[in-house]
A.B. asks: 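Got a structure here, written out as structure tokens. Questions coming.
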Amino acid sequence: MTAVELRLTLLQEIATILDDEVLVKKALTSIRRMKQAASNVDQEDREPTKEEMLDSIKNGLLAIKARKEGKETKGMFKDVNELLNEI
């Protein structure tokens, strides 16, 4: 099926339920849920930018430096057991 045929089929299916308010609400809820799920997948699958990678490295190095200097680093480092549980 081409994109145009898919759109036409979708619109025809929608037209068949327009008289039933309950079905319209369910369809709308499902469409919104699918859009949100697709948006979440897009966010998770994208590659980090160069700036994001550099910021992450910088933050990690600053945290290591602070720990070596004896400064408070609570929340900056995970317990090794937590890390292993994530894997």
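Basis for what follows: all heavy atoms, side chains included, without hydrogens, waters or symmetry-related copies.
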A.B. asks: Which atom names give the shortest non-hydrogen contact between Val24 and Leu18, and what distance separates them?
C.D. replies: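 In terms of heavy atoms, the two residues are closest at CG2-CA, 3.8 Å.
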A.B. asks: Report the distance from atom CZ of Arg33 to atom CD of Gln36, rounding to the nearest 0.5 Å.
C.D. replies: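 Reported to 0.5 Å precision, the distance equals 11.5 Å.
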A.B. asks: Could you work out, with salt bridge (Lys or Arg N to Asp or Glu O under 4.0 Å) as the rule, every residue matching Glu69, not counting sequence neighbours?
C.D. replies: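 Glu69 satisfies salt bridge (Lys or Arg N to Asp or Glu O under 4.0 Å) with Lys71 once adjacent residues are dropped.
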A.B. asks: Under 3.5 Å, which donor-acceptor pairs do the side chains of residues 2-12 form with other protein atoms, sequence neighbours left out?
C.D. replies:
residue	atom	partner	partner atom	Å
Thr2	OG1	Glu5	N	3.2
Thr2	OG1	Glu5	OE1	3.4
Glu5	OE1	Thr2	N	2.8
Thr9	OG1	Glu5	O	2.8

A.B. asks: Listed by chain and number, what are the side chain to side chain contact (heavy atoms under 4.5 Å, CB included) partners of Asn59, not counting sequence neighbours?
C.D. replies: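 Testing Asn59 for side chain to side chain contact (heavy atoms under 4.5 Å, CB included), a comparison that skips the adjacent residues, returns none.
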A.B. asks: How does the hydrophobic cluster around Ile57 look, that is, which other residues are in it when side-chain heavy atoms under 4.5 Å mark a link?
C.D. replies: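 ILVMFWY cluster around Ile57 also holds Leu61.
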A.B. asks: Say whether, by atom type as modelled, one donor and one acceptor occur between the side chain of Ser30 and the main chain of Lys26 under 3.5 angstrom.
C.D. replies: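 Yes; at least one donor-acceptor contact below 3.5 Å.
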A.B. asks: With sequence neighbours left out, write down each residue that passes side chain to side chain donor-acceptor pair (under 3.5 Å) with Lys25, or none if nothing qualifies.
C.D. replies: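 Applying side chain to side chain donor-acceptor pair (under 3.5 Å) to Lys25 gives Glu21.
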A.B. asks: If you link ILVMFWY side chains whenever their heavy atoms are less than 4.5 Å apart, which other residues fall into the same cluster as Ile31? By chain and number, please.
C.D. replies: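 Met34, which link up through side-chain heavy atoms under 4.5 Å apart, make up the rest of the cluster.
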A.B. asks: Kindly compute the distance separating CG (Leu28) from CD1 (Ile14), expressed to the nearest 0.5 Å.
C.D. replies: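 Reported to 0.5 Å precision, the distance equals 9.5 Å.
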A.B. asks: Report the distance from atom CD of Glu52 to atom CD of Glu47, rounding to the nearest 0.5 Å.
C.D. replies: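 The CD atom of Glu47 is 10.5 Å from CD of Glu52, to the nearest 0.5 Å.
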